[in-house]
Amino acid sequence: MNVLPVSQESIQKGAKIIKSGGLVAFPTETVYGLGADAFNPMALAKVFEVKGRPRFDPLIVHIAAIETLEKVADLSRLSDDTRKKLFLLAQKFWPGPLSIILPKNEKIPDLATAGLSTAAIRFPDNEAAQKLIALSTGAVAAPSANPFGALSPTKAEHVRQGLGEKVDLILDGGAARIGVESTVLDISGESIKILRPGGTPREAIEEILQVSVDREHGADKSEYELLSPGMLKSHYAPHASLSVHTDKEIVQIPNEGSSCAFLFFDDKTKDEWFIKQNQKNALIFKVLSKTGNLTEAASNLFEMLHEIDESGAEKIFAQEAPNHGIGEAINDRLRRGAN
Ligand code: TXA
Ligand code: MG
């Protein structure tokens with residue numbers, strides 16, 4: 001069994017494994033990561049192999065001290081203005097669920113960044129993660145610790161089920177606090193762009209930088225899909241087929257309904273929707289947050305989708321969250337999980 005609860009000893013063991021080129025799954029405040037030494041190409045290659053991840057999809061490099069930034073990024077290639085923005089963001093949001101795209105340091109192998117000249121850098125807000133990173137090489141490349149395209153893991157058990165013995169060690173630090181991945185932010189261009197909505201809300205970034213932050217370039221999203229391949233459609237997908245609806249919508253439910261699952265945003269809309277849909281014999285239904293709290297809803301999202309999958313449901317009807325704050329990330333993951 002390769003799962004150990006987080007402790008000084010297990011973290012030390014994990015750091016040793018990473019230093020010798022192995023893979024350690026570890027908790028972060030967003031989701032569990034599959035960590036490898038960010039400077040070791042052989043270890044990075046294993047990450048892609050174990051996840052079944054295409055090589056064109058770059059990894060996030062995790063650090064545990066702001067001083068490490070210059071070892072993983074090339075700050076000399078930043079304009080003064082971008083450097084200012086970087087430090088404002090780092091000061092406000094690190095450690096935390098924000099990955100910032102920066103010119104990469106030449107010491108970071110091309111494999112980590114899928115050949116891009118930039119790297120996504122993040123300083124996670126989780127003590128075990130920080131210790132693991134600090135005790136290994138200071139920079140740990142880690143995608144979410146799930147098979148490529150599948151639901152993200154918010155518990156050690158999800159990692160064990162998804163990747164099992166392919167990982168040298170899984171550190172169990174309990175349920176991830178935030179439950180959706182970090183916001184991926186590109187600050188290099190004229191306009192600041194969110195490449196993936198996540199745990200740091202757009203509004204908070206706009207407030208700190210005093211600019212508006214783009215998400216969509218017009219109607220065609222394909223440019224985004226190239227900018228951040230994790231934004232490929234069909235990603236974060238459960239096994240059951242998932243469709244996403246507004247609370248106003250009447251959906252066409254299969255006759256007997258017995259293999260259907262419902263994922264509601266809050267109790268209020270659940271009650272209204274449930275009456276409208278007359279779906280009393282659903283196999284399973286879940287509410288992301290009874291009181292409609294977006295933070296709570298985000299922390300339950302992947303966990304509830306995992307539970308629904310385990311129930312054997314074949315079809316999931318999910319309700320959109322209000323599209324602001326971390327609700328943007330919830331809706332993004334639901335839409336990309338839709339199939
Ligand atoms: O919260 C998180 O970010 C978690 C935890 C483990 O830290 N990690 C995570 O990693 O979600 P992953 O690999 O599942 O998603 C990384 C995302 C992908 O969408 C990837 O395309 C994008 O970041 N990305 C990484 N490097 C990039 C770069 N240089 N330019 C654009 N997008 C990049
Ligand atoms: Mg992922």
Side-chain angles (χ1 to χ4, degrees), residues 23-36 38 44 47-48 50-64 72-74 93-105 108 110-126 128-130 132-133 139-154 158-159 162-163 171 173 176-189 193-200 223-237 298-299 302 326 329 332-333 336-337:
L23 303 187
V24 176
F26 63 99
T28 82
E29 79 281 28
T30 57
V31 300
Y32 275 70
L34 177 63
L44 295 167
V47 172
F48 285 90
V50 162
K51 256 191 84 97
R53 180 176 178 118
R55 297 280 177 110
F56 59 73
D57 196 355
L59 307 175
I60 294 175
V61 177
H62 296 69
I63 57 173
V72 292
D74 180 357
F93 298 113
W94 280 355
L98 180 66
S99 297
I100 305 177
I101 308 291
L102 294 170
K104 88 173 182 71
N105 188 299
I108 298 290
D110 284 342
L111 193 53
T113 62
L116 297 175
S117 62
T118 56
I121 316 288
R122 164 162 133 77
F123 184 164
D125 185 19
N126 177 290
Q130 291 173 4
L132 178 75
I133 296 163
V140 169
S144 49
N146 53 320
F148 182 72
L151 287 175
S152 293
T154 55
H158 298 155
V159 182
L163 301 176
L171 290 172
R177 178 167 57 81
I178 294 177
V180 291
E181 296 85 343
S182 61
T183 300
V184 179
L185 189 70
D186 185 355
I187 58 171
S188 60
K193 293 178 212 131
I194 288 184
L195 305 187
R196 176 180 71 180
T200 301
E223 192 177 344
Y224 267 104
E225 288 167 5
L226 287 173
L227 279 172
S228 202
M231 296 306 287
L232 287 170
K233 242 185 148 295
S234 189
H235 214 80
Y236 313 104
S299 73
F302 285 122
I326 203 170
D332 173 78
R333 303 304 186 272
R336 286 176 198 284

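Counting starts at 1 for both ligands and their atoms, following the listed order. What's counted below: heavy atoms across the whole structure, side chains too, no hydrogens, waters or symmetry copies.
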When you look for heavy atoms under 4.0 Å from ligand 1, do you find them on the side chain of [X], its backbone, both, or neither?
X	result
Lys51	neither
Asp57	side chain
Arg196	side chain
Ile101	side chain
Asp186	neither

| Pair Glu181-Ser152, side-chain donor/acceptor within less than 3.5 Å |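 Yes, Ser152 and Glu181 have a side-chain donor paired with an acceptor closer than 3.5 Å.
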| task | Please determine, by modelled atom types, if Ser99 and Arg196 share a side-chain donor-acceptor pair under 3.5 angstrom. | result |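 No.
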Any atoms of ligand 1 less than 4.0 Å from a non-hydrogen atom of [X]? List them with their elements.
X	result
Pro143	10 (O), 12 (P), 13 (O)
Thr30	1 (O), 2 (C), 4 (C), 5 (C)
Leu59	25 (C), 26 (N)
Gly33	6 (C)
Ala120	25 (C), 26 (N), 27 (C), 29 (N)
Leu116	28 (C), 29 (N), 30 (N)

| field | Test: Arg55 cationic atom under 6.0 Å from Phe48 six-membered ring centre, within 45° of axis | value |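 Yes, a cation-pi geometry holds between Arg55 and Phe48.
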| said: For Phe26 and Val140: C-alpha separation, side-chain torsions, deciding distance, then whether side chain to side chain contact (heavy atoms under 4.5 Å, CB included) applies. | reply: CA-CA 11 Å; Phe26 63 99; Val140 169; 4.0 Å; yes
Between the side chain of [X] and the main-chain N/O of [Y], is any donor-acceptor distance below 3.5 Å?
X	Y	value
Arg53	Pro58	yes
Thr200	Pro97	yes
Asn126	Ala129	yes
Gln130	Ala64	no
Thr28	Thr30	yes
Arg122	Ile63	no
Tyr32	Ala176	no

| message | Heavy atoms only: which of Pro97, Gly198, Ser144, Gly179 lies closest to atom 10 (O) of ligand 1? | response |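 Considering heavy atoms of Pro97, Gly198, Ser144, Gly179, the nearest to atom 10 (O) of ligand 1 sits in Ser144.
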| If you measure from atom 8 (N) of ligand 1 to every heavy atom of Ala25, Ala142, Pro153, which option wins on shortest distance? |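 Checking each option, the heavy atom nearest atom 8 (N) of ligand 1 is found in Ala142.
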| task | Can you run down the salt bridge (charged side-chain N to carboxylate O under 4.0 Å, His left out) pairs that involve residues 94-105, sequence neighbours left out, and say none if there aren't any? | result |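 Of all non-adjacent pairs touching residues 94-105, those that pass salt bridge (charged side-chain N to carboxylate O under 4.0 Å, His left out) are Lys104-Asp110.
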What I want to know is whether [X] and ligand 1 share at least one N or O pair that is separated by under 3.5 angstrom.
X	value
Ser99	no
Tyr32	no
Glu181	no
Thr28	no

| task | Work out how many protein N, O or S atoms lie closer to the Mg ion (ligand 2) than 2.8 Å. | result |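 There are 1 of them.
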| said: Checking Ile194 against Val184 for the side chain to side chain contact (heavy atoms under 4.5 Å, CB included) test, could you report, in this order, the C-alpha distance in whole Å, the side-chain angles of both residues, the deciding distance, and whether it holds? | reply: CA-CA 6 Å; Ile194 288 184; Val184 179; over 6 Å; no
| task | Decide whether the shortest distance between a heavy atom of His62 and an atom of ligand 1 is less than 4.0 Å. | result |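 The answer is yes: ligand 1 sits under 4.0 Å from a heavy atom of His62.
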| query | Below 4.0 Å from any atom of ligand 1, is there a heavy atom belonging to Val184? | reply |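 Yes; Val184 lies near enough to ligand 1 that a heavy-atom distance drops under 4.0 Å.
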| query | Does Lys51 have any salt bridge (charged side-chain N to carboxylate O under 4.0 Å, His left out) partners at least two apart in sequence or in another chain, and if so, which? | reply |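 In terms of salt bridge (charged side-chain N to carboxylate O under 4.0 Å, His left out), with neighbours along the sequence ignored, Lys51 is linked to no residue.
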| Residues in side chain to side chain contact (heavy atoms under 4.5 Å, CB included) with Ala141, at least two apart? |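 Once residues adjacent in sequence are excluded, the partners of Ala141 under the side chain to side chain contact (heavy atoms under 4.5 Å, CB included) criterion are Ala38, Leu44, Leu59.
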